[in-house]
2 protein chains.
Amino acid sequence: MANKISVLLVDDHAVVRAGYKTYLSLSERIGAVYEADRGETACQVYDKQTPDVVVMDLSMPGLGGLESVRRLLVRYPHCKILVFSIHNELVYVTRAIKAGAKGYITKNNEPDTLVTAVCTLAEGGTYIEPALAQQLAVNMAIGQDEAYKVKSLSPREFDIFCLLANGLSTREAADKLCLSYKTVCNHSTAIKEKLSVKTMSELTLLASRQGIVKTSA
Amino acid sequence: MANKISVLLVDDHAVVRAGYKTYLSLSERIGAVYEADRGETACQVYDKQTPDVVVMDLSMPGLGGLESVRRLLVRYPHCKILVFSIHNELVYVTRAIKAGAKGYITKNNEPDTLVTAVCTLAEGGTYIEPALAQQLAVNMAIGQDEAYKVKSLSPREFDIFCLLANGLSTREAADKLCLSYKTVCNHSTAIKEKLSVKTMSELTLLASRQGIVKTSA
DNA sequence: CGAAATGCCGGGAAAACTTCCAGGGCTTTT
DNA sequence: AAAAGCCCTGGAAGTTTTCCCGGCATTTCG
């Protein structure tokens, strides 16, 4: 039997981290559980502890989960990241995988699933929630729908898409991303082209259907 | 000193419930902590245990948090519900309060805040996260009730509002209404002014929240 | 009834925005 | 090394929006 698996939990809610930690500690295969409250600090903790697996929440203030995944991988190309999110939309799954995550499960699972996934990753495998993996397959087959089109956006385009759909003006989005306003304009045109919509309203509606913007509880 | 406060935790994530429970149990004022994994079961548990306070997550599969609040209140008009959500947007707060919740706090708070809120509700009070309560007050003062603003639109403006929010371009809306496109442009400006939004996306999001456009079947 | 208010319609000029095109830098793939 | 894709930017041209204006019809009120 190998050594116990060490885990780094990244989530901005202390309460939530406590819950995960409790469950992870129940498993005999899992040893130390470190914590970080956001992407920025995750790097530092990783540096010190070099955990076997990183469990990353997607929705966090600051960098956000996806960007955190990317940055971690820049510094530690071989680190194994399991994204653990509340979102069960396929868009997020594919984004996470493309960003370099080795696994994706939602928080709706039994706690055991988290342990299983962590172990799988520790052994060098990948773990994607079965239900989602299946949907993903079906989706591939159907091919030509909105989710597919959203997936066709480049990472940068997706960022801008989210901001614009949430009501930011071209200029505000540019400021937020530290880009020229013309750049965002050009991306915006490309996005509308790829999603085959003509107006910003259509774009927002599509985003709403895809669960990328939230309009109500 | 009164009896200890009994609490019912409603959240679909077992992992998350565990975290809350741990923290709640640290307080001497809090006694039994029951759990339910969704709105449907919350009623049953409430029936058996009649807890002093219900702590309800907003985003849940099935009924969803808001609807669960309403249903609980139908059966138990005096039950004290504290909504505990990740959302810090005012929309969610107002909806929760309208649904009959006695308190609202976000998950970004220190765990102690949850305890404080639970105690306040148990004593018959209300607890709304200070930062949000302040925003809400400001919001009221300014008169930013979205529904109210929509009503302030003239009949013609409302027509145009609907068309634009549904994704039509200014020109298409003009054609549809047999108007000069300049007219629609001018109306559009007035509409945005009245609704205090800057972009078409914001306008669409508002329309979506107000149920004026439908985003999903 | 006259006057004022409000809603509706659109023109012109100026400002803002988008589109189209072109180019440079970077990384990954072949 | 070449090709391809993404990202960023700028200029020029085209389009849209804004702002300000006046005209018209209806309603309200002194």
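Only heavy atoms go into these numbers, but all of them, side chains included; no hydrogens, no water, no symmetry mates. In this text the structure is predicted, and so the values were computed from the model without any measurement.
When DNA chain C is scanned 5' to 3' for any atom under 4.0 Å from a heavy atom of chain B, the first and last hits are C/dG7 to C/dA13.
Every residue meeting the side chain to side chain donor-acceptor pair (under 3.5 Å) condition with B/E35, not counting sequence neighbours, appears here in chain and number order: B/R17, B/K21. Listed by chain and residue number, nothing satisfies the salt bridge (charged side-chain N to carboxylate O under 4.0 Å, His left out) test with A/R171 (two or more places apart in sequence, or in another chain). Scored by the salt bridge (charged side-chain N to carboxylate O under 4.0 Å, His left out) test, B/K176 finds no partners at all (sequence neighbours excluded). Residues that satisfy the ring-ring contact (aromatic ring centres under 6.0 Å, His included) test with B/Y104, not counting sequence neighbours, are absent from this structure. The side chain to side chain donor-acceptor pair (under 3.5 Å) search around B/E202 returns none, not counting sequence neighbours. By the salt bridge (charged side-chain N to carboxylate O under 4.0 Å, His left out) test, A/K198 is found to be paired with B/E172, residues two or more places apart in sequence or in another chain being considered. When the side chain to side chain donor-acceptor pair (under 3.5 Å) test is applied to B/R156, no partner is found at least two apart in sequence or on another chain.
The list of ring pair (Phe, Tyr, Trp, His ring centres under 6.0 Å) pairs with a residue in residues 37-58 of chain A, not counting sequence neighbours, reads A/Y46-A/Y76. Identified under the ring pair (Phe, Tyr, Trp, His ring centres under 6.0 Å) test for residues 156-180 of chain B, with sequence neighbours left out: none.
Distances shown here put a side-chain N or O of A/S180 below 4.0 Å from the OP1 or OP2 atom of D/dG10.
Taken residue by residue, residues 155-164 of chain B places no heavy atom nearer than 4.0 Å to DNA chain D.
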Expected rows: protein N/O vs nucleotides 16-20 of chain D N/O, under 3.5 Å:
residue	atom	partner	partner atom	Å
D/dT16	OP1	B/R171	NE	3.4
D/dT16	OP2	B/R171	NH2	2.2
D/dT17	OP1	B/T170	OG1	3.2
D/dT17	OP2	B/T170	OG1	2.9
D/dT18	OP1	B/K192	NZ	3.3
D/dT18	OP2	B/T189	OG1	2.3
D/dC19	N4	B/N186	OD1	3.0

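Shown here is B/E67, whose CD atom has more than 12 heavy atoms of other residues, nucleotides or ligands within 6.0 Å.
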